[in-house]
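Heavy-atom basis, side chains included; hydrogens, waters and symmetry copies ignored. Counting from 1, the numbers follow the sequence of the chain as shown.
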Amino acid sequence: MSLVLVSHSKSLAEGLRDMVVQVAGDNVHVAAAGGTADGRLGTNAEAIVAALRAILAKSGDGVLVLLDLGSAWLSVEVALEELSDTERARIHVSEAPLVEGAVLAAVQASVGGTLSEVAAAAAGAASMSKAPGGSTNA
């Protein structure tokens, strides 16, 4: 099971990748695709294609893609068009929150979760409270 993290910020994507690798261990492959080709904030479909292909080559299992903002979805869609039907069939794009979703997905993947189990773990992050005891008092 593998993850591809897509962010408008290269620093955010790479930092999150480092965090997720520490949580998941060596059994979960994680790639980051962040920023534009010239180093600005934004997303880059070519970088996403490269990350997906690198991960697909390392892993026989599925790939969960997590992204930071809605406009990144458009870049992911463009990237997916560059892949074969066989490659696309192994990829699931998640609407889960990027950071929390990536961490929960990594934990599930590290214990041998299937693509659907890992995607469900990531999606569960959307309703996860960050406050001790689940308080919603902010």
Side-chain angles (χ1 to χ4, degrees):
M1 189 53 241
S2 303
L3 305 174
V4 171
L5 310 173
V6 178
S7 174
H8 283 70
S9 166
K10 182 177 182 176
S11 297
L12 175 62
E14 291 177 352
L16 181 56
R17 182 199 172 280
D18 292 344
M19 180 180 170
V20 168
V21 166
Q22 287 183 36
V23 169
D26 295 334
N27 293 334
V28 179
H29 302 287
V30 184
T36 62
D38 61 359
R40 293 177 297 123
L41 290 177
T43 54
N44 178 341
E46 291 176 9
I48 297 167
V49 169
L52 287 168
R53 285 202 168 127
I55 286 295
L56 287 166
K58 289 181 182 180
S59 174
D61 295 334
V63 177
L64 183 67
V65 178
L66 294 124
L67 47 111
D68 61 356
L69 300 169
S71 60
W73 193 282
L74 300 174
S75 294
V76 170
E77 285 182 333
V78 170
L80 291 173
E81 291 175 9
E82 297 297 317
L83 302 176
S84 70
D85 291 343
T86 303
E87 290 170 318
R88 281 193 301 273
R90 296 172 50 205
I91 297 169
H92 176 83
V93 182
S94 176
E95 292 191 59
L98 177 62
V99 175
E100 297 89 341
V103 171
L104 292 179
V107 169
Q108 186 65 41
S110 72
V111 297
T114 64
L115 180 56
S116 62
E117 291 168 336
V118 171
S127 61
M128 182 177 81
S129 175
K130 295 179 186 184
S135 172
T136 59
N137 188 14

Spacing of CD1 belonging to Ile91 relative to OG1 belonging to Thr86, to within rounding of 0.5 Å
11.0 Å
Compare every heavy atom of Ser71 with every heavy atom of Thr43, then report the nearest pair and how far apart it is.
OG1-O, 4.4 Å
Name the atoms and distances for all side-chain donor-acceptor pairs under 3.5 Å in residues 10-31, with sequence neighbours left out.
unit_1, atom_1, unit_2, atom_2, d
Arg17, NE, Val30, O, 2.9

Is there a side-chain contact between His8 and Leu69 (heavy atoms, below 4.5 Å)?
yes
Smallest separation among heavy atoms of Ala122 and Pro97, with atom names:
O-CD, 4.2 Å
Spatial distance of atom CG (Leu98) from atom CG (Leu5) [nearest 0.5 Å]:
6.0 Å
Testing the basics here: between Ala102 and Leu3, what is the closest heavy-atom pair and its distance to 0.1 Å?
O-CD1, 3.9 Å
Determine the minimum heavy-atom distance between Asn44 and Gly35, stating which atoms define it.
CB-O, 3.5 Å
Tabulate below the donor-acceptor pairs under 3.5 Å that side-chain atoms of residues 76-83 make, not counting sequence neighbours, or state none.
unit_1, atom_1, unit_2, atom_2, d
Glu77, OE2, Trp73, NE1, 3.1

Measuring from Glu100:CD to Leu66:CG, what's the distance to the nearest 0.5 Å?
11.0 Å
Among the clusters formed by ILVMFWY side chains lying less than 4.5 Å apart, do Val93 and Leu56 turn up in the same one?
yes
Go through the steps to decide whether Val6 and Ser75 satisfy the test side-chain contact (heavy atoms from CB on, under 4.5 Å), and finish with yes or no.
CA-CA 9 Å; Val6 178; Ser75 294; 5.8 Å; no
Would you say the side chain of Met1 lies within less than 4.5 Å of the side chain of Thr114, judging by non-hydrogen atoms?
no
Give the minimum heavy-atom separation between Leu64 and Ala119, together with the two atoms involved.
CD1-CB, 3.9 Å
Residues clustering with Leu104 (ILVMFWY side chains joined when closer than 4.5 Å, directly or via others)
Met128
Distance col, row Arg53:CZ vs Ser84:OG, nearest 0.5 angstrom, shows 7.5 Å
If you count the non-hydrogen atoms of other residues, nucleotides and ligands that lie under 6.0 Å from CZ in Arg88, is the total more than 12?
yes
